Structure formats: structure tokens, C-alpha cells
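One structure is given here, and the rest of the page talks about it.
Whatever order the structure lists them in is the order used to number ligands and atoms, beginning at 1. These numbers come from a predicted model, not from an experiment. The basis for the numbers below is simple: all heavy atoms, side chains too, and nothing from hydrogens, waters or symmetry mates. Nothing fancy with the numbering, it's 1 onward along the sequence.
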Amino acid sequence: MITADSRDSIAQALAIRDGRILAVGSDAAMLALKGAQTRIIDLHGRTVTPGLIDTHAHVADGGLGELYDVQLSDAATVAEIVQRVRARIPALKPGEWLLGEGWDEGKLAEHRYVLAADLDGASPDNPVWLEHTTGHYGVANSYALRLAKITAQTHDPQGGTIDRDPEGRPSGVLKEHAQELLTDLIPPPSAEHRRNGIRTFLETLHREGITAYKDPLIDQSVWDAYRELLDAGQLTEHVCVLWGAGTTLASARAALKSIEAQPRPPDSLGDGRLLSCGAKIFMDGSGAARTAWVYQNWNKNRTELDQGNTGYPLVDPQVYRQQVRLFHEAGVAVGTHAVGDHAIDWVVDTYAQVLKDKPTRGLRHSIIHANIPSDHAISVMAALQRRYDAGYPEIQPPFMWWIGDIYAANFGSARSQRLEPLRTLEARGVRWSGGSDYPVTPIAARYGLWAAVERQTLKGTYGQHPFGTAESVDVRSALRAYTSAAAPQLFLEKRIGSIEAGKDADVAVWEQNLYTLPATELQHLHCVMTLFQGTVVYQAD
Ligand SMILES: [Zn+2]
């Protein structure tokens with residue numbers, strides 16, 4: 001048993017009572033605790049870890065999409081995407097929306113965006129919206145563009161881009177806030193669909209040994225769905241949510257109201273199952289869309305320059321600062337999405353400023369993604385962590401794999417070496433935690449454990465290691481990022497993240513031993529059993 005405690009100690013057995021870990025130690029010592037009703041599970045030498053924790057997974061939205069939308073993450077060509085759209089149209093009434101998600105030009109044989117012109121033949125009478133796997137851009141067909149009144153004359157909105165062909169006509173691709181011109185027209189999902197999406201996905205989490213996650217962009221309808229599942233006794237995960245704060249001070253105030261209506265973490269609903277953890281703000285866009293806010297021009301196709309494009313902030317930087325101050329002064333944690341070096345600097349400097357003005361320990365303000373932090377940003381994170389228990393990067397190693405080919409193309413060679421500098425972060429004393437950003441990448445944490453060590457892209461378009469291996473960490477560090485270093489980001493470090501007496505009995509059992517398996521095999525780890533608060537929630541055949 002890999003306990004992931006502070007000494008990374010190994011044990012032989014554990015005892016569970018009333019959903020908590022009663023004791024950890026040798027077989028003999030644990031057997032001495034057994035009573036008449038005790039159930040004994042012999043794992044036959046398999047490996048145990050704490051239940052894994054994902055600090056950034058859009059479970060509610062992703063689970064909904066998997067159930068009801070066209071899934072495109074494994075499409076190899078534009079033609080295949082068009083075919084999947086065409087196949088779904090007969091089931092719809094004219095005018096009804098067709099939604100899909102998961103495409104990525106980095107994985108398509110054509111290495112280009114899907115365009116409205118590709119989709120129009122397949123869907124002349126229904127609006128279509130296909131979201132890119134990152135969620136930072138998507139493509140509409142012409143029918144949907146007409147509904148949204150997006151024409152050659154439409155100006156780019158603040159913090160958004162309407163992609164255009166050489167003649168200035170909309171190509172169908174909409175980036176960042178330009179998406180909302182269209183997506184605001186899509187009818188919201190029903191409460192029943194919302195619940196179904198989460199409930200079904202909980203099984204997937206259990207199958208991968210994941211027992212806790214942070215769902216980092218919710219609104220009232222998602223909160224209600226979680227709450228209803230909790231009340232029905234069906235929420236068999238620790239879920240910590242961040243409420244979307246929007247782009248204005250008014251929208252941030254509205255989010256604060258929702259947050260303050262719920263218990264303050266570590267207090268929870270349902271004995272550690274549902275926590276209203278704080279607010280989520282977007283500082284910038286995506287490395288895939290080349291909208292993240294960077295100091296040096298974006299690259300494209302690895303060696304070319306995307307001249308004049310350094311991305312942009314998605315919220316006015318001064319408004320951002322006011323939003324953070326609002327939450328901080330209310331004692332509420334903030335998680336900010338920041339991918340580019342410019343965005344990350346702005347975020348950590350903002351955290352430093354509000355913490356200096358109102359010193360508060362333990363709010364754990366985080367930097368979500370933190371893809372290419374500057375030296376300055378890393379220093380600030382280290383200082384904030386020591387001084388205020390804040391400034392934690394929440395990083396997704398599988399970006400380097402699943403969207404690694406488009407990332408390698410856009411970041412260019414030099415900047416790529418600085419992507420997710422895990423080893424440097426650790427050397428500088430910065431604690432980081434891991435996640436999937438599901439559905440941006442697949443949910444299984446084994447991909448993250450593997451990617452943190454191997455740093456390989458899915459397709460190898462620009463070689464196997466376009467991000468180098470100098471920033472690789474070992475499996476012990478990687479596992480820590482999904483266990484003991486992740487738990488505090490959910491405000492649950494007293495309950496989860498390690499196998500120790502008194503903690504919740506969240507346990508994952510693996511066919512292979514993570515610490516002796518060749519690192520190249522980590523992505524194939526096989527979970528055979530998962531316990532959540534002492535109950536077996538998954539068991540392989
Ligand atoms: Zn995300």
C-alpha cells in the first residue's frame with residue numbers, strides 16, 4: 001500500500017470502520033482488529049493507493065456532452081466529423097440544434113480547422129455547433145451563423161475572435177467570447193439531463209480509481225444537479241466546485257452571493273461530498289487557439305511566426321484585479337485560468353497584492369493550467385505558498401499528450417521547453433497538483449501520471465518529445481500531485497489524499513505496482529477496485 005503520507009511510506013494492510021480508515025500497518029496487526037462482522041478483502045499482492053484526486057475536471061459539462069452530443073475526440077479526418085454530423089441529423093426536427101465536441105486540428109490528418117463550409121452540405125436545415133476539445137473555440141455551420149447574425153460586417157467582441165477567410169467572411173470558427181454570440185442561443189440542458197450526465201460519469205471516475213475532483217466552472221443549475229444527486233444518496237465522490245465569476249464586477253458579485261449561500265470549506269454538504277470551494281475567473285484563452293496572453297508572438301506549425309498575435313486577456317486586467325479583491329476580502333478562494341506567461345504574471349502579482357493588503361492564510365488561490373510560468377511567476381508562487389498558503393498551480397500534464405501536437409505547433413521550439421516546468425517548480429519549492437481538465441483531455445489520472453514523467457505527444461508530429469524531458473518528474477512526484485498535494489486544493493486535506501488512520505477510506509487498487517512499473521507503462525495502469533468512504537463503488541470482473 002502506497003500511503004502517500006508525508007514519508008511516502010509503504011504498508012501491508014489497512015482496517016476500515018464506518019467509512020474511515022481505522023488503522024494502517026501489517027497484516028497481523030490489522031487482523032487483530034477484526035470482529036465478527038468484519039469483511040476481509042484479500043488483494044493478492046496488488047497495489048493500493050489513496051483514491052486519486054483531479055483538481056480540474058469539468059465533470060458536469062463533460063458528462064452531459066458524452067451522453068447527449070456527438071463525440072469527436074477520436075475523429076481522424078474532417079470527412080469523419082462531417083459524417084458523424086450527417087448521421088445524427090435525421091433524428092432531429094428542422095431547426096433543432098446539433099451539438100458536438102472534442103475535435104482538435106492537431107489530431108486531424110488535414111491539420112486545419114473544421115469550417116462552416118465543411119458542415120453545410122451535411123446540415124442545411126439545422127444549426128450545428130462543434131466545440132473544440134479545449135472549449136476555447138468551436139465551429140458553427142452557416143445556418144447557425146445566420147441565427148446568430150454573424151456576418152462579414154460583425155465586429156469581434158471584446159475578448160473574442162471571429163475567424164475569417166481571406167475575403168473577410170466568417171469561416172465558422174469562433175474563439176473565446178465570440179463563441180457566446182452563438183452559444184447563448186442554444187437551449188440550456190434540462191435538469192434531468194444534467195443529473196444523468198453527472199450520475200453516469202461517476203461510474204467512469206470509479207473505474208479509474210478517482211474519488212475526488214474539483215469541478216471548476218459551475219452555475220446554479222449545475223449546483224442544483226449536484227445537490228439533488230447528493231440528496232438522493234447518489235453522489236459517491238468528493239466534489240468541490242468553483243462558481244463562474246464572469247467578466248464584470250457585477251457578475252463577480254452575483255457569484256459571491258451564490259458562494260456565500262453555501263457552507264464555507266472545509267465545511268461541506270453530505271459529510272465531505274459537496275463543497276462550494278470558491279470562484280473561477282478566466283484571465284486568458286488557450287494555447288491551442290493561440291489566444292492565451294503571451295509576451296512573445298505565437299508560433300504556428302512549430303517554426304512559423306503568428307505575426308502580431310500575443311493573444312489577449314479575456315477580462316479587463318483592472319476589472320480582474322477588482323474581482324479578485326472582492327472575493328479575497330470576503331474570504332473566498334479564487335481559481336484563475338492562466339495559460340500564457342503574461343497572464344500568469346498578472347494573476348500571481350494580483351494575488352500578491354491582495355494578500356499584502358489583507359494577509360489571510362489558507363485561501364489557496366490557484367493558478368489554473370499555469371502552462372508557461374516566467375521565473376518571476378515561479379518565485380511569487382513559492383513566496384505566496386510559504387507566507388499565505390496560496391498561489392498554487394493546478395496543472396494538467398496530459399495537455400502535453402492529448403493536445404500536445406497542436407501545443408508544440410503553437411508554442412514553437414524555445415517556448416515548448418518551458419511548458420509545464422514540473423521539475424523546476426519542485427526545485428523552487430512550489431507545490432503543484434494534477435488534473436485532466438476533462439473533457440479537454442480524457443479523465444483517467446493514469447494518463448497524467450504517465451505524461452508528467454514521459455512528456456510525449458499523442459501523434460509525435462514534431463518528434464516524440466517536442467517539450468524536452470528536462471522538466472520530467474518521477475512517478476512519486478506525479479502521484480503526490482494526484483493525492484496529497486491535490487487534497488488541500490479541495491480543502492479536504494484532513495480527510496483525503498493519503499492512507500492514514502482517521503481519513504476517509506477512499507482507496508484505489510491497481511493490478512500493477514506504480515513504483516516498480518516501467519514509467520512508459522503508467523498510462524496502462526489498470527484499476528481493479530475502488531472504495532469511496534469505505535464502500536466498494538467499483539470492482540473489475
Ligand atoms: Zn478547464
Identity of the N, O or S atom of D437 lying closest to the Zn ion (ligand 1): OD1
N, O or S atom of H337 closer to the Zn ion (ligand 1) than 2.8 Å: no
Ring-face cation of R455 near W450 (centre distance under 6.0 Å, axis angle within 45°): no
Partner of D506 by side chain to side chain contact (heavy atoms under 4.5 Å, CB included), out of L492, T211, V537, T530: T211
Short side-chain donor-acceptor distance under 3.5 Å, H369 and Q396: yes
Cation-aromatic face contact R84/W103, 6.0 Å, 45 degrees: no
N, O or S of H58 under 2.8 Å from the Zn ion (ligand 1): yes
